[in-house]
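Structure first, then comments.
Note on naming: letters A, B, ... go to the chains in the order of the sequence lines (proteins, then strands), and numbering restarts at 1 for each one.
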Amino acid sequence: MEKCLYMPTSAKATARQRKLVAPYDHIKIEKKWQKAWEANKTYQTENPSTGSGRLRRKKMYVLDMFPYPSGAGLHVGHPRGYIGSDVYARMQRMAGFNVLHPMGFDSFGLPAEQYAIQTKKHPGPFTDKLVAQYKKQLEIIGFSYDWGREVATHRPEYYKWTQWIFLKLYDAWYDTKKNKARDIKELIVMFEKSGNKSVAAVTDGTVPLFSAKEWNSFTALDQQNILMHYRLAYEGFAEVNWCEEMGTVLANDEIVDGPNGPVSERGGYPVIKKAMRQWFMRITAYANRLLKDLEPLDWPANIKEIQKNWIGQSEGSEIEFTLQAKAGNPVPELGSFNVFTTRADTLFGVTYVVIAPEHQLVQDLKHVITNWSVVETYIKSVAQKTEQERTMESDPASAKASATQGKTGIQLEGIVAVNPANGEEVPVWIADYVLASYGTGAVMAVPAHDERDFAFAKKYNLPIRTVVKATDNNEHTTAYGTLVHSGEFNGMNSAAAKKAITTFVKGKIVTKYKMRDAIFARQRYWGEPIPLRHEVNGLIVPLKEKALPLTLPNVKSYEPSGNGESPLAGVKSWVKEGYETNTMPGWAGSSWYFLRYMDPTNAKAFASEKAVDYWRDVDMYVGGAEHATGHLLYSRFWHKFLYDMEYVPTKEPFKALRNQGLIGGADGRKMSKRWGNVINPDEVVKLYGADSLRLFEMFLGPFEAHLPWSTEGIIGSRRFIERVWRLSQKIADEKAASHQKGAKILHKTIKKVTEDIQSFSFNTAVSSLMICLNEFEKTSVSANDFKIFLQLLAPFAPHVTEELWTGNTSIHLSGWPKYDPKLIIDDEVTLGVQINGKVRGEVTVAADASNETVEAAALALPRIQEYLEGMTVKKIIVVPKRIINIVIY
RNA sequence: GCCCGAGUGGUGGAAUGGUAGACACGGGGGACUUAAAAUCCCCUGCCCUCAACCGGCGUGUGGGUUCGAGUCCCACCUCGGGCACCA
């Protein structure tokens, strides 16, 4: 803040004022109470294994998304969500709940790693410093956190349990029959007894069938490779963007288009696609449950929608096409392949089929494809493109796509596919617009009814055949193909036709998901080590629980190794032991931290059974909407896994969720150093006080809305608090009795504030407190009513209300006021009087006046009578306590 | 391109289909003061009017439903978010 726009009274009070009113010294008051709360353990939450008392109360877990302790420090936008959840937590605590309201730090991550690379210093001490700084900045805002429960993901005593959960995932598989995760040992027993022929389980379709006898004859390494297709944490290969010159893997947004293909954004070095060894999490096993269990959650609708779209469920059919050699080709029988389609009803419109270039089937057909050399060249050219480029080029909506670009493909000559519905032979193509990773990696092309197929068919002059016609609102399958003759499809809508066709061709109805398994490895130093050892014979050995935590070794260099491996690959002792050199991604530690708060110092378990049984799940979770498809999905996945393994009692971790909006600069731009519009909360707290900051951030606008900061606006909040302060002095001087009018306003305010805090409508809660104070100033207020007012204000302005509180205990443990239903009813109401929907006057009547009385009073108004002069009243609508509308001709 | 969400005074915003603009900022005027700051009181959507009254217009645009629409329905415009060849 460049200049002080507002000078608080405390600093410049005149001698005269000082006599009347003790100055409101926010600095002194806030410091005093923050100390006292800490000393008195006002916000400490008891642990079920040690405590008693409050534990008999109903629990309430109010959680903030813990921050990454960035070196840039906080700006005024950051605490907004924390203030909201703190207001909520404070009210629930006052209302008698046993509230768990903790805070911690997501402290593994890239910025500390960058620091380490630049300074060649260990990121640990640096991170500790940032945590301490960040914590200090939070503390002066006066949150009711139980700091005794603080966690930080980079501390070994914390990540020991992150590693422990990883091992549990590694040692688990997903039983699709029981629809839950199970111990891998149980699967091994099944294999030993009966092979996998009778075991229904998640596989990627590449595990051939084997008998028990065969299983037992496999080598340990073969068995390990098979099990890898079942484990929930598994090793595999993923295509990554590899930059040879930089010796590192790049994210999609670190790549730009160069003249000869993609290049790195920094330096402009060529980037290619390369398959690299990675660890994965089989989140797709939970796709259905993640989708289904979303429904009952009390979450913002848009977050649910985003997750739903991300999971991307679609119902369709798998239909088998057989392959045949073209006439004259000596190979008679080539087997078959499945296509996935959501429009089985268009099966008669298939004019060609397309297989993804990467599909294994294409390689298997090598010997019968007569134009193999060109096909091979094409496959290679596709492989060189990045995912981004491939999309960019063939997406007609993209600005970069030109007329000459677009979908590319090539026909596999020498073979044809047979449409199972009508026995028709259609050409087989491979094309870049078909993804190997979705569905079956092969599609039946119906150019008449699919935009992409249409574009492709146009480009390569493939036939287009219409089989479905739209009639008004319904689609009907038109007469085509052999089925028509039986009349079966005439007049059927497409959904029914789809089912009928699927049955007819003996396809199966299947459910597919867009969501992919999550890569669970980073080639970085500053993350949790993956607790596994690779033996020289290729066997992977998980660490024993006793051996955890596997702590990060010291390294000489924090730079990437240059060959795509993490800096850990350069540590001799580490590699000698065979330890995994990848580390876990940033989302590992944050996927379960809310469980650790339940019992943060437990050395025997991530949390005691007692603690987990008591706290169960998060009742209210507050944080940014940007985590919709990351953290919020991963946490649900891990939680469901822990539920399957009976470590937690609930299916979902976060019962309710609220998103806070961002605070932008006063100029409407994003608050950042770049624009020079950053407002530091420390300075605001110093100048106006934490209470003013808290009050203002809640008053500014709807909690979830993105709002610009206003340097002038906070003055209003400061003024409000000063007026409360002055009123308290006045009350102390007067022996005021109960005031009927004040009491009415107060009880309405109790109702409003209580409901508004519950619904996160903090801005209107503050507004109603302002209205109440305005009324108190106009009339007067009794000492007791003022005390209640302070209680209502306490969650927003905890320091000043504690200072003015005259009770024996802290105001924050003093109880939450209840309103008297009799006092919130008005004796009189004022109604607008409308003529033909336009307001022409108003009447004030008794609240319980009958419609007839109200009508008579309205009609008696002189102005209304003027309007009615010479007109006929058609009808009169009386909405009790709201409005009267007189309809005339 | 597809899927969500939002457009209200000078500003942030309020409003179960029922008197649009609560509350606050800013602005104008006044009181107090030698003066300023702070504080207190009054006014403050736009047009018409010296002013008040009266009246007219007003919630992105155009239609519709309704006694009555910021709110519900349809179309469009603008902005924000999510997805991105998912067959």
Side-chain angles (χ1 to χ4, degrees), chain A residues 6-9 11-14 16-17 21 300-310 312 314 316 339-343 346 354 388 390-398 406-407 431-435 437-446 449-453 455-456 512-516 625-626 628-629 666 696 699-702 704-717 719-720 722-723 726 761 763-764 766-771 774 777 830-842 863 874-888:
Chain A
Y6 174 80
M7 194 55 77
T9 13
K12 269 207 157 186
T14 62
R16 209 174 126 217
Q17 278 174 323
V21 177
N302 65 316
I303 300 289
K304 287 197 200 180
E305 192 66 26
I306 290 170
Q307 285 211 352
K308 205 177 139 190
N309 292 341
W310 182 264
S314 77
V339 299
F340 174 70
T341 179
T342 53
R343 294 295 307 272
T346 62
V354 191
Q388 195 190 26
R390 196 159 143 184
T391 306
M392 195 88 82
E393 274 185 1
S394 54
D395 178 6
S398 163
K407 303 176 196 334
D432 57 358
Y433 80 97
V434 173
L435 306 174
S437 48
Y438 184 75
T440 58
V443 302
M444 56 182 222
V446 187
H449 305 294
D450 183 280
E451 258 181 70
R452 296 152 301 184
D453 296 342
F456 193 78
K512 300 282 181 192
Y513 299 92
K514 286 188 207 174
M515 189 172 63
R516 301 290 142 80
E626 69 275 14
T629 55
F696 180 58
F699 178 64
L700 201 53
E704 66 286 353
H706 295 212
L707 300 161
W709 177 256
S710 163
T711 319
E712 290 88 45
I714 193 170
I715 292 167
S717 298
R719 275 185 201 146
F720 171 75
E722 290 203 16
R723 281 163 58 204
R726 282 197 298 273
S761 310
N763 56 330
T764 49
V766 175
S767 154
S768 71
L769 285 167
M770 286 172 169
I771 294 168
N774 288 347
E777 283 178 337
T830 303
L831 295 82
V833 182
Q834 295 182 332
I835 290 180
N836 285 354
K838 278 195 189 301
V839 181
R840 299 297 181 185
E842 57 181 36
R863 265 194 71 205
K874 195 179 169 191
K875 66 171 157 178
I876 299 177
I877 290 148
V878 179
V879 183
K881 296 182 189 183
R882 296 266 180 215
I883 208 158
I884 309 146
N885 193 9
I886 303 165
V887 187
I888 58 171

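Here V887(A) lies in heavy-atom contact (under 4.0 Å) with sugar-phosphate atoms only. Note on R516(A): a base of the nucleic acid sits closer than 4.0 angstrom, heavy atoms only. Among the protein residues, E305(A) comes within range of the sugar-phosphate backbone only, with heavy atoms under 4.0 Å from sugar or phosphate atoms but none that close to a base.
Distance noted for atom P between C25(B) and C77(B): 40 Å (whole Å). One C1' atom belongs to A20(B), the other to G13(B), and the distance between them is 13 Å to the nearest Å. With both ends at atom C1', the span from A69(B) to U16(B) equals 14 Å, rounded to whole Å. A distance of about 15 Å separates the P atoms of C72(B) and C4(B), rounded to the whole Å. Comparing U49(B) with G56(B), their C1' atoms are spaced 13 Å from each other, to the whole Å. Comparing the P positions of G29(B) and G68(B) gives a spacing of 44 Å, expressed to the nearest Å. Going from the P atom of A15(B) to that of U8(B) covers 15 Å, rounded to whole Å. Taking atom P on both A75(B) and G21(B), the two are 32 Å apart, rounded to the nearest angstrom.
The side chain of I306(A) lies closest to G82(B), out of U39(B), G82(B), U19(B). With G18(B), C83(B), A87(B) as the candidates, the nucleotide lying closest to the side chain of I877(A) is G18(B). Residue V434(A) has its side chain nearest to A87(B) when only U39(B), G18(B), A87(B) are considered.
For the pair G439(A) and P708(A), nearest-nucleotide mapping onto RNA chain B gives the more 5' position to P708(A). Residues A442(A) and N309(A) each lie close to RNA chain B; by heavy-atom proximity, the contact nearer the 5' end of the strand is made by N309(A).
Judged by a 6.0 Å distance limit and a 45° cone about the ring axis, K512(A) is not positioned over the six-membered ring of Y438(A). For the pair K407(A) and Y433(A), the cation-pi criterion (under 6.0 Å, within 45° of the ring axis) is fulfilled.
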Just by protein heavy atoms under 4.0 Å, how would nucleotides 20-26 of chain B read 5' to 3' in B, S and -?
S-BBSSS

Stepwise, does the side-chain contact (heavy atoms from CB on, under 4.5 Å) test hold for T346(A) with M444(A)?
CA-CA 10 Å; T346(A) 62; M444(A) 56 182 222; 3.7 Å; yes

Between F696(A) and W709(A), does a side-chain contact (heavy atoms from CB on, under 4.5 Å) hold up when you go through it step by step?
CA-CA 10 Å; F696(A) 180 58; W709(A) 177 256; 3.8 Å; yes

Check step by step if side-chain contact (heavy atoms from CB on, under 4.5 Å) holds for E777(A) and R723(A).
CA-CA 9 Å; E777(A) 283 178 337; R723(A) 281 163 58 204; 2.9 Å; yes

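Taking both residues in full, the closest heavy atoms of P702(A) and L707(A) are given as O-CD1, 4.0 Å, listed atom of the first, atom of the second, then distance.
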Taking Watson-Crick (N1-N3 plus N6-O4 or O6-N4) and G-U wobble (N1-O2, O6-N3), each under 3.5 Å, can you produce the dot-bracket string of RNA chain B? Use [ ] for crossing pairs and | for inter-strand ones.
(((((((..(((.....[....)))((((((.......))))))(((.......)))..(((((..]....))))))))))))....

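When atom types are taken as modelled, the side chain of D450(A) and the backbone of D453(A) share a donor-acceptor pair closer than 3.5 angstrom. Under a 3.5 Å cut-off, the side chain of E842(A) and the backbone N or O of V833(A) do not form any donor-acceptor pair. Checked by atom type and distance alone, the side chain of N885(A) pairs as donor or acceptor with a backbone atom of G837(A) at under 3.5 Å. Side-chain atoms of N836(A) come within 3.5 Å of backbone atoms of I888(A) as a donor-acceptor pair (strictly under, hydrogens ignored).
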Using the 3.5 Å cut-off, write out each protein N or O paired with an N or O of nucleotides 41-43 of chain B and the distance between them.
none

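Between W310(A) and Y513(A), the distance separating the two ring centers is not shorter than 6.0 angstrom.
Between the C1' atom of G18(B) and the CG atom of L831(A) lies a distance of 10 Å, rounded to the nearest Å.
For R882(A), no side-chain nitrogen or oxygen approaches OP1 or OP2 of G17(B) to under 4.0 Å.
Nucleotide G27(B) carries an anti base; the chi torsion (O4'-C1'-N9-C4 or O4'-C1'-N1-C2) is more than 90° from 0.
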